[in-house]
Enquirer: 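There's a structure below that I have some questions on.
Chain naming here is simple, since letters A, B, ... match the order of the sequence lines and numbering starts at 1 in each. Computed from a predicted structure; not experimentally measured.
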Amino acid sequence: MGSVVEVNPLSRVEGHGSVKVYLEGGRAERVELCLTESPRLFEALLRGRSYAEVPEIVCRICSLCSTVHKVAALRAVEDAFKLTVSRTTQLTRELILHGGQLQSHALHLYCLLLPDLLEVKGVADLAREAPDLLKTGLKLKQVGNLIQEELGGRLIHPVNITLGGLGRRTSRDTLQRLADGIEEILPSCLQALQLFRRSLPFPPLPTPHYLALATAPHSFTGEEFQLDALPGMPVSRYREVVSEWTVPHSHAKSARVAGMVPTVGALARLNLSQAALPGEEPLREALVEVQGQDIRANALAQAIELCRSALAARLLVEELLEHDPADTGRPPHLTPAAGSGTAAYEAPRGVLIHSYSFDASGSCTAADVITPTSLNHLALEENLWALAQALDGSEPALLTGSLERLVRCFDPCISCAVHLVQL
Amino acid sequence: MENSAYLAQESLQQFLDTLGGFGTLHAPTWSESGVSLFAPVRSLDEIDLGYRRTQIPPKKYLFPFRDTFLEYREGHYRFPDGTSPATVLFGVHACDLEAIAYLDLVFLSEPRDPRYAERRAKLLLVGISCTPDEYCFCSEPQGSARCDLFLEAREGGFRVHAGTAAGAAMLGAASELLQEADAAPSGRAPSCLIPAQDPARAYSRDPLWDEFARRCVGCGACSACCPTCYCFDVRETPGLSGDGSRVREWDNCLFPSHGAVAGGNFRPTRLDRLRYRFLHKYCGFSPLEGRSSCVGCGRCKELCPVDIDLRELVAMPRGETEQP
Amino acid sequence: MTAQALEPYLPFAATLVERRELSPDTALFRVAPEPAARSALSGFLPGQFMQLSVPGAGEVPISPADLPGADGTLELCVRRVGQVTTLLHQARPGQPLGLRGPFGTGFPVEEMTGCPVVLLAGGLGIAPLRSLLLHLVRNRERYGEVTLMYGAREPALMLFREELVGLAAAHGLRLYLTVDFAPEQAAGEYACAVGLLPDLLKGFRFDAGQSYTAVCGPPPLYRCLIGELTAAGVAPDRVLLSLERRMRCGIGRCCHCAIGTKLCCTDGPVFRLSELAGIPEAL
Amino acid sequence: MNKPSLAIAGLTACSGCQLTLLNCEGELQEILERFQVAYFPMGQSDPDRQARYDLALVEGAVSTPGDLATLFHFRNASRLLVAFGTCALFGGIAAQHNRTTPRPKLLEAVYGNGESRPESFPPAPFKNFVSVDAGITGCPPEKGELLQLLGAVLAGTLPAFPHYPVCLECRSRETLCLLLERNQLCLGPVIQAGCNARCPATGIPCEGCRGPVAEANVAQELELLLERGFSREEIERRMSRFTVEWDYGQRR
Ligand SMILES: Cc1cc2nc3c(=O)[nH]c(=O)nc-3n(C[C@H](O)[C@H](O)[C@H](O)COP(=O)(O)OP(=O)(O)OC[C@H]3O[C@@H](n4cnc5c(N)ncnc54)[C@H](O)[C@@H]3O)c2cc1C
Ligand code: SF4
Ligand code: SF4
Ligand code: SF4
């Protein structure tokens with residue numbers, strides 16, 4: 001007789017999901033990852049909405065990555081209208097994305113993942129058992145959020161970054177405060193490298209096919225994808241390489257890229273990009289350590305990116321402070337025209353693609369959003385399967401506990417995974 | 001030192017520097033988004049001497065939008081620590097000075113409002129002549145005695161007059177910049193107050209009342225921006241560790257909550273609330289009954305999104321003013 | 001000097017001493033102010049109100065149901081209706097509270113000497129009138145005939161019933177109790193009439209020319225009663241109305257309690273009918 | 001004092017409200033100390049589904065049978081149920097098409113006609129199904145209001161949030177009125193304040209993320225915007241972004 005072992009709900013991940021392991025005579029037969037978040041049908045919400053509304057609505061796909069969703073959507077719309085933005089706007093967007101990455105990685109590492117390393121159940125236990133570590137993590141998160149709130153005007157679903165520009169340019173005083181905040185957390189960022197070097201006690205997992213964007217240093221966007229050693233694929237032709245389909249047991253879609261099962265996120269980025277920032281010598285050892293690793297090294301990769309984001313944010317603040325005061329970032333007046341545009345960004349969890357088409361009145365006729373979690377979906381299932389097999393015959397509690405930890409390594413963002421948008 | 005002197009335009013920057021010695025200098029200037037406001041300034045070129053009206057009147061210095069005025073710990077209330085900084089408010093028009101005088105009547109009568117009194121004592125007022133525009137409904141006063149110093153515009157400079165000892169001290173400190181006063185002041189400054197109205201008008205059947213009640217969006221701009229509106233609400237905010245604070249905040253008679261009590265509302269309709277506003281502005285509440293508190297600054301008229309001007313109900317001709 | 005004299009917004013400390021249920025939603029709270037505050041309370045007049053703070057929830061106006069006792073304690077009769085009153089109802093003896101006041105006008109007890117007094121209370125309106133009644137009873141010889149007409153919705157909601165009956169017997173008060181409806185008269189309960197206060201007043205004979213009347217109750221009650229009283233011939237300046245409005249400061253600043261151009265907190269809460277002439281919204 | 005037990009859960013939502021709790025970095029440790037966190041899958045494993053909760057903060061709209069079951073569970077198991085965020089209070093972003101497009105059509109657009117189509121109905125606010133004891137509005141909610149609620153619950157009461165429109169806070173911050181001065185489609189006059197006019201203060205019109213203010217003069221706002229050249233269709237689209245249930249004729 002077959003039986004099912006279930007992890008439901010998956011905890012300490014963002015959104016609702018569960019894992020089912022089907023056992024046959026005590027052996028793992030099949031693993032299913034069910035992302036059960038209630039769908040909000042964003043595609044239908046976007047149909048007929050004006051180009052100006054699309055980014056405002058679509059950023060609500062997910063709170064954790066609302067900033068990068070917003071920026072990606074803005075870029076995609078701007079691409080459709082062949083609009084370029086001023087340097088102030090560019091810098092502000094880059095800086096706020098680093099804020100977003102800081103906050104997201106700090107949250108994931110210190111609130112969601114750290115309990116696994118310390119063998120406790122969660123953030124409430126951390127407050128009791130490791131208050132100082134939690135405090136450090138929260139401080140990192142706070143500085144990330146400070147950047148997001150000051151630049152975005154609102155912490156989640158930022159308002160100040162808008163189509164073609166900014167509501168208003170960030171003041172010097174504010175930037176100065178951000179610089180102070182960043183300076184304060186740099187040492188803690190470096191400590192995170194030590195803390196998250198510890199790997200989970202799992203048997204080795206499949207070696208991933210890394211997928212990331214080719215980006216300039218401290219940028220989150222690029223024109224080409226890189227998939228392992230494959231030659232660059234232009235973002236504008238992403239449809240030719242990404243194939244997506246729905247699976248019966250889950251509300252999310254799964255994707256393959258160029259026929260392969262991709263892994264996106266911090267680990268993939270660090271394996272594919274060599275762009276170094278000034279001042280990042282202390283990261284070198286850790287950078288070497290994550291090369292060619294399986295997903296267990298994603299935590300260390302995130303810790304490295306935590307440092308990188310702090311360093312990059314410091315540089316960006318300086319550049320913004322010095323940049324031409326006449327460039328206010330005021331958005332230009334837009335006249336809608338028919339067109340399509342695509343933009344790809346590196347969200348904290350990996351590659352994110354937004355693509356839209358508009359008719360002559362600027363009304364949205366087609367929308368497509370591919371989220372990092374759908375790109376990771378198959379890899380996650382493969383890893384779960386591998387782990388379930390390796391742990392064959394173990395206690396169900398050990399099995400489910402390990403599977404859940406594995407899910408967390410991917411830092412999945414379930415709410416975004418099920419809000420795929422395609423018209 | 002005389003109480004009056006002449007200040008040449010060229011000496012104004014130095015004069016401001018001198019005033020800066022008496023407190024942080026605030027003056028009419030422009031916000032980044034293009035709003036006229038009183039804010040800290042460092043030099044003359046940040047000041048808009050010819051400004052018409054600031055969006056928020058100087059009352060914000062005496063009675064801020066939100067003010068924590070009590071704290072409690074373990075069930076016992078106390079005043080929060082900290083005092084307000086000395087401030088020199090430069091460039092206040094006669095109507096706004098009149099308004100502060102009115103607020104003084106409200107808050108400094110017994111029992112004195114300690115928060116207001118403390119801030120008022122630290123606020124030095126420097127008035128300046130104005131040029132009325134189409135929104136103003138005062139009688140073009142050129143001077144005011146309700147301040148520490150008043151700068152009356154003259155050819156190439158100002159006739160500066162000290163109305164208080166503090167004003168005289170400021171003049172004294174700036175004596176090197178000043179010359180002998182020219183001619184006498186331009187007559188007695190009339191009050192800006194518009195005439196008080198008969199409360200019966202608030203209950204009149206004028207169809208304009210219904211029209212106003214239909215239109216008013218209840219945004220609260222008219223009261224928030226009125227230099228003599230001072231209704232406040234009080235809220236208690238418990239903290240996480242058993243302590244808490246009591247905050248007072250500008251309230252607004254156009255909001256439904258203004259007259260609401262458990263199980264009912266004493267001013268349930270917008271019409272009731274507009275009538276209240278009329279009464280408070282033009283008829284005065286006890287103990288200032290029979291006194292208008294409208295100083296004619298024109299803010300409510302300019303800022304109302306639906307062009308409500310309650311004075312239309314009494315068809316007050318422009319310039320008809322009351323002598324206090 | 002008390003804290004009060006120094007700072008009008010700073011509540012002086014008080015402690016909840018005792019609480020007694022009066023009805024399912026109303027209780028009598030005995031509150032002891034800090035000793036330093038007693039002098040501020042010494043001039044208290046029936047009909048005046050206090051601002052009661054329950055830390056955490058805020059401050060509400062309450063008219064004490066009796067003059068301060070010899071030990072300085074106050075009796076507050078409070079109905080549970082919202083945030084502050086609910087938190088008060090949950091409080092245990094020893095709970096720190098805050099008090100400011102007394103504020104407002106009270107009943108003109110000096111002016112009323114020698115005259116008959118008719119008290120008309122509806123529902124919770126008995127709270128301020130009880131303090132007037134107790135004053136009249138304690139100075140019985142200085143006043144004429146004292147009548148209390150008190151209407152409640154149903155017998156279970158009638159507050160202080162035994163006490164009122166006892167007072168009536170001991171001090172020769174005319175007492176009329178009435179309820180809007182009576183579900184079932186339980187054995188051993190005092191009888192009370194079924195009917196509305198204005199109807200009761202209709203058949204009531206009294207020296208209207210000489211009497212002072214004091215009214216307190218829910219807003220709709222006033223209009224009906226005033227019709228009856230003026231018809232009976234009570235002079236408008238002898239019709240005393242204790243009114244209620246939203247209040248925040250209690251000292252004439254926050255302006256929520258305006259009634260026409262009057263302020264309920266400083267010109268009231270006890271008004272003479274004559275003062276309210278020409279203010280349609282007053283009643 | 002006994003620690004009140006706390007549950008935090010989500011229905012159809014972006015998790016932004018739950019994240020707002022985690023975004024209270026300065027206060028989170030104190031919160032975790034003062035409350036006993038009984039149910040919070042986003043931050044703590046082994047959620048206790050059997051417990052009774054003193055306070056349940058539930059975010060999201062109700063759009064699936066599962067959502068409804070969860071909502072009933074928390075209603076029954078909790079002393080205080082708080083509708084946490086705009087979706088819970090007004091339906092939010094996912095409900096914006098409720099009045100215009102039938103649900104099956106929307107589902108088909110995403111999932112086709114295949115078997116993987118999840119069961120779902122038009123997203124609705126909590127109040128359509130259960131009584132709630134308090135609400136924190138906002139998309140996302142303001143940290144300050146969340147902290148006020150938690151403080152009030154610890155003190156045994158509920159917070160006293162103001163009920164006035166965004167314009168008051170906007171004016172008090174001395175920002176430019178976008179409706180009057182820039183002819184922009186600002187919803188400030190009919191939207192509940194409490195965000196300190198975040199959007200207008202950065203030069204962006206209020207998009208209405210905090211839902212309607214009490215007794216809004218909706219009809220007049222509509223007139224104001226029509227006068228400024230916006231089409232009725234555009235105005236309604238914008239107004240329904242976070243709240244579909246507007247009465248466009250309301251003048252109360
Ligand atoms: C002069 C005066 C004397 C009063 N005497 C008594 C009394 O003896 N016993 C008694 O039970 N009640 C009395 N009340 C009514 C009492 O003040 C309210 O029931 C109380 O304020 C409700 O507060 P809450 O926070 O529990 O209710 P909520 O409904 O939560 O009130 C919110 C806020 O609204 C205001 N508010 C609500 N209802 C009233 C009201 N009726 N009057 C004034 N403000 C209100 C309060 O400021 C309160 O903080 C009196 C009111 C006044 C004006
Ligand atoms: S400014 Fe105009 S619309 Fe706004 S509350 Fe005042 S009268 Fe009403
Ligand atoms: S910008 Fe919007 S919120 Fe601000 S005052 Fe104008 S209408 Fe109101
Ligand atoms: S201004 Fe409007 S859209 Fe912006 S945060 Fe406030 S309520 Fe939400």
Side-chain angles (χ1 to χ4, degrees), chain B residues 63 69-70 72-79 106-107 109-116 198-200 202-203 229-239 242-244 246 248 251 253 257-267 272 275-276 279-280 282-291, chain C residues 3-15 34 51 53-61 79-85 87 94-98 100 218-219 243-249 251-268 278-282:
Chain B
F63 178 50
F69 74 113
L70 283 181
Y72 70 85
R73 179 164 283 283
E74 280 152 18
H76 295 292
Y77 292 86
R78 62 185 197 97
F79 282 112
V106 174
F107 286 104
S109 61
E110 284 305 318
R112 283 158 74 89
D113 184 303
R115 302 289 288 179
Y116 183 96
D198 177 359
Y203 306 109
C229 270
Y230 59 86
C231 285
F232 61 83
D233 202 357
V234 176
R235 246 181 282 283
E236 188 133 324
T237 314
D243 50 1
R246 194 174 280 178
R248 76 171 168 194
D251 203 353
C253 55
S257 56
H258 195 266
V261 295
N265 193 333
F266 282 99
R267 287 180 288 282
D272 298 323
R275 290 195 203 280
Y276 171 105
L279 285 168
H280 200 184
Y282 306 130
C283 310
F285 283 172
S286 154
L288 300 174
E289 227 174 322
R291 262 189 97 102
Chain C
Q4 200 56 64
L6 281 172
E7 296 298 356
Y9 295 121
L10 186 65
F12 50 74
T15 314
E34 62 179 307
Q51 286 281 25
S53 288
V54 185
E59 199 176 47
V60 291
R79 176 180 291 170
R80 189 180 62 236
V81 294
Q83 295 309 327
V84 179
T85 48
L87 198 55
Q95 157 86 35
L97 300 169
R100 294 190 295 128
L243 299 185
E244 189 189 291
R245 287 295 184 273
R246 184 190 183 92
M247 278 177 195
R248 281 310 196 201
C249 69
I251 53 175
R253 300 274 160 70
C254 78
C255 284
H256 291 90
C257 67
I259 302 176
T261 54
K262 304 268 185 281
L263 292 177
C264 185
C265 64
T266 49
D267 300 319
I279 308 180
E281 70 194 76

Enquirer: Considering non-hydrogen atoms only, spot the tightest contact between C:Gly260 and B:Tyr203 and give its length.
Expert: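 Residues C:Gly260 and B:Tyr203, closest heavy atoms: CA-OH, 3.4 Å.
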Enquirer: Any heavy-atom pair between the side chains of B:Val234 and C:Cys254 that's under 4.5 Å?
Expert: no
Enquirer: Could you look at B:Thr237 and say if it's the side chain, the backbone, both or neither that has a heavy atom under 4.5 Å from chain C?
Expert: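 For B:Thr237, neither part sits under 4.5 Å from chain C.
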Enquirer: Looking at every non-hydrogen atom in both residues, tell me the closest pair between B:Tyr77 and C:Pro55 and how far apart they are.
Expert: OH-CA, 3.2 Å
Enquirer: Please classify the contact between C:Ser53 and chain B as side chain, backbone, both or neither, with a heavy-atom cut-off of under 4.5 Å.
Expert: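 Its backbone and side chain both get close to chain B.
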Enquirer: Taking side chain as everything from C-beta outward and backbone as N, CA, C, O, which of these in B:Tyr276 sits under 4.5 Å from a heavy atom of chain C? Side chain, backbone, both or neither.
Expert: side chain
Enquirer: Answer with side chain, backbone, both or neither: which region of C:Val84 has an atom nearer than 4.5 Å to a non-hydrogen atom of chain B?
Expert: neither
Enquirer: Do C:Leu10 and B:Pro114 come close enough that some side-chain heavy atom pair is under 4.5 Å?
Expert: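 The answer is no; the side chains never approach within 4.5 Å.
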Enquirer: What is the minimum heavy-atom distance between C:Cys255 and B:Cys231, and which atoms define it?
Expert: CB-SG, 3.5 Å
Enquirer: Could you tell me which non-hydrogen atom of B:His258 sits nearest to which non-hydrogen atom of C:His256, and how far apart they are?
Expert: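 B:His258 and C:His256 have their closest heavy atoms at O-CD2, 3.1 Å.
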Enquirer: At a heavy-atom distance under 4.5 Å, which candidate from B:Ser109, B:Gly244, B:Ala260 has the highest pair count against chain C?
Expert: B:Ala260
Enquirer: Drop me the distance from B:Arg291's CZ to C:Thr261's OG1, to the nearest 0.5 angstrom.
Expert: 14.5 Å
Enquirer: Please state whether the side chain, the backbone, both or neither of B:Tyr72 comes within less than 4.5 Å of a heavy atom of chain C.
Expert: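 For B:Tyr72, the side chain is the part near chain C, not the backbone.
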Enquirer: Looking only at heavy atoms, which two atoms of C:Thr266 and B:Ser286 are closest? And how far apart?
Expert: OG1-OG, 4.4 Å
Enquirer: Inspect the contact between B:Arg246 and C:Glu59 and indicate whether a charged nitrogen and a carboxylate oxygen are less than 4.0 angstrom apart.
Expert: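 The answer is yes: the pair qualifies as a salt bridge.
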Enquirer: State whether the side chain of C:Arg245 and the backbone N or O of B:Gly259 hold a donor-acceptor pair below 3.5 Å, judged by distance alone.
Expert: no
Enquirer: Which bit of C:Gln83 comes within less than 4.5 Å of chain B, counting heavy atoms only: side chain, backbone, both or neither?
Expert: neither
Enquirer: To the nearest 0.5 Å, what is the distance between OH on B:Tyr230 and CZ on C:Arg253?
Expert: 8.5 Å
Enquirer: Under 4.5 Å heavy-atom distance to chain C, tell me which part of B:Arg275 shows up: side chain, backbone, both or neither.
Expert: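 No part of B:Arg275 comes within 4.5 Å of chain C.
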Enquirer: Backbone N or O of B:Asp233 within a donor-acceptor pair of the C:Arg248 side chain at under 3.5 Å?
Expert: no
Enquirer: Which region of C:Ala258, side chain (C-beta onward) or backbone (N, CA, C, O), has a non-hydrogen atom less than 4.5 Å from a non-hydrogen atom of chain B, or is it both or neither?
Expert: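 Contact with chain B is through both the backbone and side chain of C:Ala258.
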Enquirer: Using every non-hydrogen atom in the two residues, find where B:Glu236 and C:Gly58 come nearest and quote the distance to one decimal.
Expert: OE1-CA, 3.4 Å
Enquirer: Rounded to the nearest 0.5 Å, how far does CG of B:Leu279 lie from CD1 of C:Ile259?
Expert: 12.0 Å
Enquirer: Quick one: which of C:Ala57, C:Ala13, C:Gly82 has the most heavy-atom pairs under 4.5 Å with chain B, could you say?
Expert: C:Ala57
Enquirer: Look only at the side chain of C:Tyr9 and the backbone of B:Phe79, and say whether a donor-acceptor pair between them is shorter than 3.5 Å.
Expert: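 No, the answer is negative, given that no donor and acceptor are paired below the 3.5 Å cut-off.
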